[in-house]
Undergrad: 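Okay, here's the structure, questions in a sec.
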Amino acid sequence: CKSQYGKHIGYYDAGTVAKTAQEMQIINEMRQALEEERFVIYLQPKMDITTDQACGAEALVRWQHPERGLIPPGVFIPVFERNGFIATLDYYVWEKICGMLRGWLDMGKEPMPVSVNVSRVSLYNPQLVERLTGLVEKYRIEYRLLQLEITESAYMTNPELMLETIHALRCAGFTILIDDFGSGYSSLNTLKDIEVDILKVDMKFLPVDEEVKKGEIILASVIKMANWLGMSVVVEGVETRMQRDFLIGVGADYVQGYYYSKPIPQKEYEERYVFVEQA
Ligand code: C2E
Ligand code: CA
Ligand code: CA
Ligand code: CA
């Protein structure tokens, strides 16, 4: 598992870009927010569609702001991606999740895997593999418990390096998910080149209204193709009973969405899915 890892990928200098007042405030407050543990992690269960049982979760960060309340990641993550702070926040989230998994193990629970998001900036960080393996070793958890979601769009930045990085991560024992599969311009290329375990497809990428039939055919085909290639599929953004029934019909494996549960605070997730009495 060696690679050309280490060559640097520059993101553009945020200083040359005009910033909005909101962006300035986010940048000014981000470090203190991190120190004061104001970034909180919510968990959204992933369900096995055939059994209706939770089989894991995705970690999703929010900013608990003293004046502005709970800020969704869509507001601050794009800013952090531009100024590079996302690498710090990603690492913080990964470590919190490793700590949480360790906590469950210490309480004698058999934890289900939790996936974390790996931003493009983190993905192309030469220390990524070391940082992740370091955490898993530090918290003494199995590699399979920390799953990594890498967005398909990161592929365009440097396909070769992304393939190598994913290869190195899989060699280490991590499970890799390609997030937002189908949203990019090169999904079929991605599928041809990349060795991953799970594809995540969002219902929102499917056409609506008159185009529904087409979207259904595309989704059904992606699921078949993935299964043929030895990958499983998580369909996210599942909001209705109708969508769920359709997904069962086309052989989807796992689902995530408001139909089952919104992302919820750790405590609530534990009550509902971890500290439940075994039948
Ligand atoms: P994502 O990774 O694609 O996460 C899925 C998003 O879909 C989440 O939004 C989730 O709350 C939302 N979602 C789940 N089920 C449904 C549904 O049924 N309907 C609809 N309409 N939405 C649903 P969220 O939590 O606002 O996160 C937005 C994005 O922010 C994420 O998209 C991810 O790209 C990024 N993000 C969140 N946490 C982190 C993090 O710790 N690190 C990094 N790098 N990015 C993160
Ligand atoms: Ca994700
Ligand atoms: Ca997604
Ligand atoms: Ca299947």
Side-chain angles (χ1 to χ4, degrees), residues 11 26 30 33-34 37-47 49 54 56-64 69-98 100 113-125 128 131-132 135 146-154 175-184 187 190 196-206 208 219 222 233-244 246-247 252 254-266 268-269:
Y11 36 88
I26 288 171
M30 63 190 189
L34 188 71
E37 309 226 353
R38 295 196 184 281
F39 292 105
V40 290
I41 302 164
Y42 277 45
L43 295 164
Q44 185 178 36
K46 290 178 191 166
M47 315 294 292
I49 199 168
E58 176 178 8
L60 294 156
V61 72
R62 278 97 181 82
W63 183 341
Q64 183 66 67
L70 203 63
I71 309 176
V75 173
F76 55 87
I77 295 237
V79 178
F80 295 168
E81 278 172 347
R82 287 195 288 274
N83 72 7
F85 189 67
I86 189 65
T88 307
L89 183 61
D90 275 349
Y91 188 81
Y92 176 84
V93 172
W94 305 338
E95 176 147 34
K96 284 280 178 207
I97 293 300
C98 288
M100 182 187 77
V114 178
S115 64
V116 294
N117 288 285
V118 177
S119 69
R120 179 197 318 259
V121 178
S122 298
L123 181 72
Y124 289 112
N125 181 324
L128 177 71
R131 300 186 106 204
L132 281 165
L135 280 176
L146 187 70
Q147 301 187 335
L148 307 174
E149 297 199 4
I150 298 171
T151 172
E152 187 200 50
S153 63
T175 300
I176 308 295
L177 295 85
I178 290 295
D179 204 353
D180 303 329
F181 180 79
S183 63
S187 303
T190 319
V196 296
D197 305 281
I198 301 169
L199 298 181
K200 287 194 89 171
V201 185
D202 199 311
M203 297 286 308
K204 75 170 178 256
F205 297 128
L206 296 174
V208 286
L219 184 57
V222 167
V233 174
V234 178
V235 181
E236 60 179 336
V238 179
E239 293 183 351
T240 65
R241 168 104 205 182
M242 230 175 69
Q243 290 176 331
R244 168 193 169 266
F246 161 76
L247 290 169
Y254 307 109
V255 280
Q256 191 183 332
Y258 296 166
Y259 175 72
Y260 296 93
S261 169
K262 295 203 164 185
I264 48 180
Q266 178 180 334
E268 203 177 322
Y269 180 82

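Numbers here simply count residues along the sequence, with the first being 1. Counting convention: from 1, in listed order, for ligands and their atoms alike. Worth knowing before you read on, the calculation uses all heavy atoms, side chains too, and leaves out hydrogens, waters and symmetry mates.
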Undergrad: Looking only at N, O or S atoms, find the one in Glu58 nearest to the Ca ion (ligand 2) and name it.
TA: OE2
Undergrad: Out of the N/O/S atoms in Asp180, what is the name of the one closest to the Ca ion (ligand 3)?
TA: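 Looking at Asp180, the N, O or S atom with the least distance to the Ca ion (ligand 3) is OD1.
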Undergrad: Salt-bridged, Glu268 to Lys262, with N to O below 4.0 Å?
TA: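 No.
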Undergrad: Could you measure the distance from the CG atom of Leu177 to the CG atom of Asn117? Nearest 0.5 Å is fine.
TA: 9.5 Å
Undergrad: Check the pair Glu152 / Ser187 against side chain to side chain donor-acceptor pair (under 3.5 Å), numbers first and verdict last.
TA: CA-CA 8 Å; Glu152 187 200 50; Ser187 303; 2.7 Å; yes
Undergrad: Can you confirm whether something in the protein, heavy atoms only, sits under 4.0 Å from atom 27 (O) of ligand 1?
TA: yes
Undergrad: What atoms of ligand 1 come closer than 4.0 angstrom to any heavy atom of Val238?
TA: 18 (O)
Undergrad: By atom name, which N, O or S atom belonging to Asp179 lies closest to the Ca ion (ligand 3)?
TA: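 Atom name of the closest N, O or S in Asp179: OD1.
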Undergrad: Quick check: closest heavy atoms across Met203 and Val235, and the distance to 0.1 Å?
TA: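 In this case the closest contact between Met203 and Val235 is SD-CG1, 3.5 Å.
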Undergrad: Considering the options Ile71, Val93, Leu89, which one meets the side-chain contact (heavy atoms from CB on, under 4.5 Å) requirement together with Phe39?
TA: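 When Ile71, Val93, Leu89 are each tested with Phe39, the side-chain contact (heavy atoms from CB on, under 4.5 Å) holds only for Leu89.
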Undergrad: Taking only heavy atoms of Ile86 into account, list the atoms of ligand 1 that are under 4.0 Å away from them.
TA: 44 (N)
Undergrad: Over 60° means perpendicular and under 30° means parallel, so tell me whether Tyr91 and Trp94 are parallel, tilted or perpendicular.
TA: perpendicular
Undergrad: Measure from the Ca ion (ligand 2) to every N/O/S atom of Glu149 and report the name of the nearest one.
TA: OE1
Undergrad: State whether a side-chain donor-acceptor pair under 3.5 Å links Lys96 with Gln266.
TA: no
Undergrad: Considering only the protein, which heavy-atom contact is closest to atom 34 (O) of ligand 1, and what is its distance?
TA: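 Its nearest protein heavy-atom neighbour is Asn117 OD1, 4.7 Å.
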Undergrad: Looking only at heavy atoms of Glu58, does any of them come nearer than 4.0 Å to an atom of ligand 1?
TA: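 Glu58: in contact with ligand 1 (<4.0 Å).
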Undergrad: Please state which protein non-hydrogen atom is closest to atom 31 (C) of ligand 1 and give its distance, to 0.1 Å?
TA: Leu60 CD2, 4.3 Å
Undergrad: On a heavy-atom basis, which atom in Tyr258 and which in Pro263 lie closest, and how many Å separate them?
TA: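 Answer, listing the atom of Tyr258 first, then Pro263: CE2-CD, 4.1 Å.
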Undergrad: Mark up the atoms of ligand 1 that fall under 4.0 Å of a heavy atom belonging to Val93, in ascending order.
TA: 41 (O)
Undergrad: Do any nitrogen or oxygen atoms of Val61 come within less than 3.5 Å of a nitrogen or oxygen of ligand 1?
TA: yes
Undergrad: Under the side-chain contact (heavy atoms from CB on, under 4.5 Å) test against Ser122, which residue among Ile150, Asp90, Thr88, Leu132 passes?
TA: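 Answer to the side-chain contact (heavy atoms from CB on, under 4.5 Å) test with Ser122 among Ile150, Asp90, Thr88, Leu132: Asp90.
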Undergrad: Taking N or O atoms only and a 3.5 Å limit, does Gln44 qualify as a polar contact for ligand 1?
TA: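 Yes; the residue has a nitrogen or oxygen that sits under 3.5 Å from a nitrogen or oxygen of the ligand.
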Undergrad: Going by side-chain hydrogen bond (donor to acceptor under 3.5 Å, both in side chains), Ser115 matches just one of Gln147, Glu149, Glu58. Which one?
TA: Glu149
Undergrad: With rounding to the nearest 0.5 Å, note down the distance linking CD1 in Ile97 to CG in Leu135.
TA: 11.5 Å
Undergrad: Nearest heavy atom to atom 13 (N) of ligand 1: which of Tyr260, Phe76, Tyr258 does it belong to?
TA: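 The nearest heavy atom belongs to Tyr258.
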Undergrad: Report the nearest protein non-hydrogen atom to atom 11 (O) of ligand 1: residue, atom name, distance rounded to 0.1 Å.
TA: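 Going atom by atom, the protein heavy atom closest to atom 11 (O) of ligand 1 ends up being Pro263 CG, 3.2 Å.
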Undergrad: Mark the output for Arg62 as yes if a heavy-atom distance to ligand 1 is under 4.0 Å, and as no if none is.
TA: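 Arg62 counts as a contact of ligand 1 under the 4.0 Å cut-off.
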Undergrad: Students should be able to answer this: which protein heavy-atom is nearest to atom 24 (P) of ligand 1, and at what distance?
TA: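 Ranked first by proximity to atom 24 (P) of ligand 1 is Pro73 CG, 3.6 Å.
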Undergrad: From atom 46 (C) of ligand 1, work out which of Ile77, Val75, Ile41, Val116 has a heavy atom at the shortest distance.
TA: Ile77
Undergrad: Would you give the length of the straight line joining atom CG of Asp180 to atom OG1 of Thr151, rounded to the nearest 0.5 angstrom?
TA: 4.5 Å
Undergrad: Answer yes or no as to whether an N/O/S atom of Glu236 is found below 3.0 Å from the Ca ion (ligand 2).
TA: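 Looking at Glu236, which is the residue asked about, there is no N, O or S atom under 3.0 Å from the Ca ion (ligand 2).
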Undergrad: Short question: side chain of Tyr260, backbone of Ala54 - any donor-acceptor pair under 3.5 Å?
TA: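 Pair absent, no side-chain N/O of Tyr260 close to backbone of Ala54.
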Undergrad: How long is the span from the CZ atom in Arg120 to the CD1 atom in Ile86, to the nearest 0.5 Å?
TA: 11.5 Å
Undergrad: Enter the distance from Ile178:CD1 to Leu199:CG here, rounded to the nearest 0.5 Å.
TA: 7.5 Å
Undergrad: Do me a favour and list the nearest non-hydrogen protein atom to atom 7 (O) of ligand 1 with residue, atom name and distance?
TA: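 Looking at atom 7 (O) of ligand 1, the protein heavy atom closest to it is Glu236 OE1, 4.6 Å.
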Undergrad: Please report which non-hydrogen protein atom sits nearest to atom 20 (C) of ligand 1, along with the residue it belongs to and the distance in Å to one decimal place.
TA: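 Answer for atom 20 (C) of ligand 1: Glu239 OE2, 3.2 Å.
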Undergrad: Please state which protein non-hydrogen atom is closest to atom 42 (N) of ligand 1 and give its distance, to 0.1 Å?
TA: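 So the nearest neighbour among protein heavy atoms is Asp90 OD1, 2.9 Å.
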Undergrad: Counting only heavy atoms, tell me which of Ile97, Asp179, Thr240, Ile71 gets closest to atom 1 (P) of ligand 1.
TA: Asp179
Undergrad: At the 4.0 Å heavy-atom cut-off, does Pro72 count as touching ligand 1?
TA: no
Undergrad: Does atom 9 (O) of ligand 1 have any protein heavy atom closer than 4.0 Å?
TA: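 Given the 4.0 Å cut-off, atom 9 (O) of ligand 1 does not count as touching protein heavy atoms.
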Undergrad: With rounding to the nearest 0.5 Å, note down the distance linking CD1 in Ile41 to CE in Met100.
TA: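 Going from the CD1 atom of Ile41 to the CE atom of Met100 covers 7.5 Å.
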Undergrad: Look at atom 3 (O) of ligand 1 and say which protein heavy atom is nearest, naming residue and atom and giving the distance to 0.1 Å.
TA: Asp180 OD1, 3.5 Å
Undergrad: Taking both backbone and side-chain atoms into account, decide whether Asn117 has an N/O/S atom under 3.0 Å from the Ca ion (ligand 2).
TA: yes
